[in-house]
Amino acid sequence: MASTLRVELVAADKAVWSGEAKLVIAKTVEGEIGLMPGHEPMLAILGSGEVRITLPEGEKLVANAEDGFLSVEHDVVTIVARHAELV
Amino acid sequence: MGAQLRVYRQKIKSAQTTKKITRAMELISASRIAKAQARVAAATPYSRAVTRAVSAVATYSNVKHPLTTEPEKITRAAIVVFTSDRGLAGAFSSSVLKESEALTNKLQAEGKEIDYYLVGRKAVSFFNFRRREAQQSWIGGTDLPVFDTAKAIADTVLAAFGEEGVQEIHLVFNRFVSMISQVPEVVRLLPLEVVEGVEAPTSDEVFPLYEFEPDVNKVLDALLPVYIESRIFNAMLQSAASEHAARQKAMKSATDNADKLIKNYTRLSNAARQSEITQQISEIVGGADALVTADKDA
């Protein structure tokens, strides 16, 4: 099992951020979800709100993402939103 | 000044004026290509991510969604044509229109009726001239497309999509290959045929358990409009970059032609001036000669 997640945060007109992370917390329409390495494949609709990314070194990153979706597949997390930016 | 010489000078002047204009247009387009290309590049991760997600749903779930399943009978198809607002871009608009005519013939041969959605003033005037009907058209801003227009187009074609309306949606646009090559391309948008990035599982393979939140149908409902929008936006950006590149190329050759004309006319006018001078000299010499002979005779 891989020990980190590859995260890509993409907005409609640009790639916002990409890199390694050990924990991603995002808000879907159903509620908050935490993703760690080894998560099952998933596709979810994003609710508007923060995406919190914890880097492997423990640093934390916060981004706003709205109006989009989130996909997890083989430890690759893609957060796709029409509007997204790092805070 | 002789009449011939004056005609040449006028022609040189008019070629010089034309050259100033084409040169300015060439420079403007050249400066805009880079920006247009950067916009294509910036929007690519988004459309790639969306495409991958859509392919994942289409391949890993066996849900029947109207947007993913091929209808049994297709009676009506929609074609979205992306041209430019302004001309002077070589074969840019005409090659797309030619491609869409070819597609029209092909679809009509299959017994389908066709609805047109036009983007760009050139497509609109092409249809007006031939008195053909288009469902809807968008003009303005083809050289600097915005996402809102893509969304408006996507909303319109999706509203027309269904049992009653069109069962197929095609896009025809210029793909930006390089600065010197733009290729008209036809893409069938719906029903979906995306396989990029995801390999279809063979029948004896176990489906990976994809979890959908809230559920498959809701995810598809939310995902597909996004996918359509991003494909249309991508087509618009590609088309804009191609338009600038095509215009730059066309204006460059126009400038070169003007240069050639100026050179040729300058040569001709020099020759005309020279022959005028020669004629004047021979007239003077002839006149002097006549006077001398007249003196001698007297």
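Just so it is clear: chains get the letters A, B, ... in the order the sequence lines come, proteins before strands, and each one is counted from 1. Bear in mind that the values here come from a model prediction, so they are computed numbers and not experimental data.
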Student: Anything under 3.5 Å between a donor and an acceptor, one on a side chain of residues 139-158 of chain B, the other on a protein residue two or more places apart or in another chain? List them.
Tutor:
from, atom 1, to, atom 2, distance (Å)
Thr142(B), OG1, Asp85(B), N, 3.1
Thr142(B), OG1, Glu243(B), OE1, 3.4
Thr156(B), OG1, Ala152(B), O, 2.7

Student: Looking only at heavy atoms, which two atoms of Ile45(A) and Val219(B) are closest? And how far apart?
Tutor: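 Distance-wise, the nearest heavy atoms are CD1-CA, 3.9 Å.
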Student: Decide, yes or no, whether a salt bridge links Glu229(B) with Arg82(A) under the criterion of side-chain N to carboxylate O below 4.0 Å.
Tutor: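 Yes, charged N to carboxylate O under 4.0 Å.
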Student: For atom CD of Glu85(A), is the number of surrounding heavy atoms from other residues, nucleotides or ligands below 6.0 Å larger than 12?
Tutor: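 Incorrect, the count does not exceed 12.
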Student: Examine whether an atom of Leu223(B) lies under 4.5 Å from a heavy atom of chain A, and if so say whether it belongs to the side chain, the backbone or both; otherwise answer neither.
Tutor: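 Side chain of Leu223(B) only, per the 4.5 Å heavy-atom cut-off to chain A.
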Student: Return the OG1 to CZ distance between Thr78(A) and Arg48(B), rounded to the nearest 0.5 Å.
Tutor: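 So the gap between those two atoms works out to 10.5 Å.
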Student: Applying a heavy-atom distance below 4.5 Å, give me the residues of residues 18-30 of chain A that approach chain B, sorted by number.
Tutor: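 Residues Thr28(A), Val29(A), Glu30(A) are the ones that qualify, each having a heavy atom under 4.5 Å from chain B.
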Student: Looking only at heavy atoms, which two atoms of Val50(B) and Phe69(A) are closest? And how far apart?
Tutor: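 Minimum heavy-atom separation between Val50(B) and Phe69(A): CA-CZ, 3.9 Å.
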Student: Quick one: of Val10(A), Ile33(A), Leu43(A), who has the most non-hydrogen atom pairs under 4.5 Å with chain B?
Tutor: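 Answer, by heavy-atom pair count under 4.5 Å with chain B: Leu43(A).
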